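A quick note: this is a predicted structure, and the numbers were derived from the prediction, not measured. FYI, the numbering just counts along the sequence from 1. Because only heavy atoms are used, hydrogens play no part in the values below, and waters and symmetry mates are left out as well, while side chains stay in.
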Amino acid sequence: MGIIVWLIVGGIVGWLASIVMRTDAQQGILLNIVVGIVGAFLAGLVVGGGSINEGITLTSFLVSLVGAIVLLAIVNLFRRGAVR
């Protein structure tokens, strides 16, 4: 059940992060899911709380969203040399 939650929440978080960073047209659903999951994982490591495995709360969702946005900003920085 946990992997299904990761995929669903990762897809939503990655999609919202790609809209915020204006990269939605460049990536598909698979990349949105990957960005959402990796961003949530990295943000969970840095913040130290709010894991999606413990339950979907507003805090865990926002931490995951911020992590995905930061991940996309870092990718854009290396890809283009500037953050949008």
Report yes if some heavy atom in the side chain of [X] is under 4.5 Å from a heavy atom in the side chain of [Y]; otherwise report no.
| X | Y | value |
| --- | --- | --- |
| Leu72 | Ser18 | yes |
| Val66 | Phe61 | no |
| Trp15 | Ile19 | yes |

- Message: Taking transitive links into account, so neighbours of neighbours count too, which hydrophobic residues share a cluster with Leu30 at under 4.5 Å side-chain distance?
- Response: none
- Run through the side-chain heavy atoms of Ile, Leu, Val, Met, Phe, Trp and Tyr, join any pair under 4.5 Å, and report what else lands in Val75's cluster. none
Could you work out, with side chain to side chain contact (heavy atoms under 4.5 Å, CB included) as the rule, every residue matching [X], not counting sequence neighbours?
| X | value |
| --- | --- |
| Val20 | Ile69 |
| Val34 | Val38 |
| Leu62 | Leu58 |
| Ile33 | Leu7, Ile29, Ile37 |

- Between the OG atom in Ser64 and the CG atom in Leu42, the distance rounded to the nearest 0.5 Å is 10.5 Å
- Item | Nearest non-hydrogen partners of Val13 and Ala68, listed with the distance | CG1-CB, 3.8 Å
